[in-house]
Amino acid sequence: MVFSHTRTVTDLKAWGGDVFARCSRCDTRERVDLNAVIEKMGPLYSFWNKHPPCPVEGCDDRLFFLAIRDGDNVWPLHMRDGEPGQVAFLDAAWRSDRLNGELGGRLALQVMVGIIRTLNRYGMFTAPERDAIIRDAVATLPTDCREDAAWLLDHYWTVGQERPGWG
């Protein structure tokens with residue numbers, strides 16, 4: 001279950017808790033600077049199911065995140081056995097927020113152009129052709145937006161959901 005005070009970095013900051021990155025192998029535990037995360041990743045970034053590599057030299061495990069406030073319960077921000085779709089809406093909201101406005105519209109237009117060209121040429125398209133359309137459309141965006149754009153396009157194409165924030 002994703003509690004409302006743990007959904008985004010902004011929610012965690014408003015809750016007044018601390019977030020720690022922890023490695024279960026080498027027992028590294030570092031406090032996360034929420035302001036720095038907001039500045040770098042944006043206010044809708046979520047720690048849920050994020051597992052970056054451990055920064056300790058020689059340790060090849062991955063970190064997980066914990067939220068705690070003044071001795072309250074510790075809230076692990078991952079779902080070991082959870083369905084990946086349970087927190088996909090958090091990533092979708094964050095990534096679409098990063099691609100709002102002109103970039104989102106430009107990306108959608110590039111995808112539509114690619115789809116029309118492919119359909120006109122073959123009458124239908126295969127998964128590799130779909131991937132090529134996404135790759136070509138994403139290549140038109142600034143480098144720092146490409147990963148988010150590719151993830152969103154793949155997510156909405158395979159899940160068939162509407163694109164939040166894109167109008």
Side-chain angles (χ1 to χ4, degrees), residues 1-57 59-70 72-80 82-108 110-111 131 134-135 137-159 161-167:
M1 176 176 219
V2 178
F3 295 100
S4 62
H5 63 276
T6 66
R7 286 186 181 144
T8 68
V9 66
T10 303
D11 294 331
L12 286 160
K13 186 175 176 185
W15 177 59
D18 289 314
V19 174
F20 291 90
R22 181 153 183 242
C23 177
S24 56
R25 177 169 291 157
C26 71
D27 206 31
T28 293
R29 184 177 180 201
E30 296 179 2
R31 185 176 177 275
V32 175
D33 181 348
L34 297 179
N35 290 324
V37 173
I38 290 171
E39 186 174 319
K40 180 179 179 183
M41 304 302 285
L44 296 181
Y45 183 76
S46 176
F47 290 105
W48 277 94
N49 288 354
K50 303 295 190 306
H51 302 283
C54 179
V56 174
E57 189 173 328
C59 184
D60 61 352
D61 205 1
R62 296 198 150 296
L63 300 173
F64 61 94
F65 295 95
L66 299 164
I68 189 168
R69 180 180 68 180
D70 297 330
D72 279 350
N73 293 330
V74 173
W75 303 97
L77 302 177
H78 62 109
M79 296 180 177
R80 292 175 193 239
E83 174 98 16
Q86 289 177 314
V87 295
F89 69 92
L90 295 172
D91 276 337
W94 168 64
R95 291 174 191 267
S96 64
D97 182 62
R98 289 175 51 128
L99 294 171
N100 67 5
E102 182 182 334
L103 291 179
R106 183 170 153 197
L107 179 63
Q110 290 294 324
V111 169
D131 293 341
I134 290 174
R135 185 179 55 252
V138 166
T140 68
L141 298 174
T143 305
D144 64 336
C145 295
R146 291 178 184 172
E147 181 182 342
D148 296 327
W151 186 94
L152 270 176
L153 288 171
D154 184 63
H155 175 74
Y156 292 124
W157 207 310
T158 57
V159 176
Q161 297 179 0
E162 291 184 19
R163 299 173 304 225
W166 291 15

Across all chains, not counting sequence neighbours, the side-chain contact (heavy atoms from CB on, under 4.5 Å) partners of Pro55 are Glu30, Leu63

How would you list all residue pairs meeting side-chain hydrogen bond (donor to acceptor under 3.5 Å, both in side chains) that involve residues 34-45, not counting sequence neighbours? Lys13-Asn35

Can you name the residues that form a side chain to side chain donor-acceptor pair (under 3.5 Å) with Asp60, not counting sequence neighbours? Arg25

For residues Pro52 and Phe65, determine if any side-chain heavy atom of one lies less than 4.5 Å from a side-chain heavy atom of the other. yes

In terms of heavy-atom contacts, Val138 and Ala150 come closest through CG2-N, 3.7 Å

Spell out, as yes or no, whether a donor-acceptor pair under 3.5 Å connects the side chain of Arg69 to the backbone of Trp15. yes

Could you state the interatomic distance from CZ (Arg62) to NZ (Lys50), rounded to the nearest 0.5 Å? 12.5 Å

When rounded to the nearest 0.5 angstrom, what is the spacing between CZ in Phe20 and CZ in Arg31? 6.5 Å

Step-by-step side chain to side chain contact (heavy atoms under 4.5 Å, CB included) determination, Val37 to Val32: CA-CA 8 Å; Val37 173; Val32 175; 3.6 Å; yes

Is there side-chain contact between Asp11 and Thr6, with heavy atoms separated by less than 4.5 Å? no

Side-chain contact, heavy-atom cut-off 4.5 Å: Ser24 with Asp61? yes

If we only count heavy atoms from C-beta on, is the Asn49 to Phe64 side-chain gap below 4.5 Å? no

CD1/Ile68 to CG/Leu12 distance, rounded to the nearest 0.5 angstrom? 12.5 Å

Whether the side chain of Arg146 engages the backbone of Leu141 through a donor-acceptor N/O pair (distance < 3.5 Å, no angle test) should be reported. yes

Would you indicate whether the side-chain heavy atoms of Leu44 and Thr10 approach each other to under 4.5 Å? no

Which pair of heavy atoms, one from Cys26 and one from Val56, lies closest together, and at what distance? SG-CG2, 3.9 Å

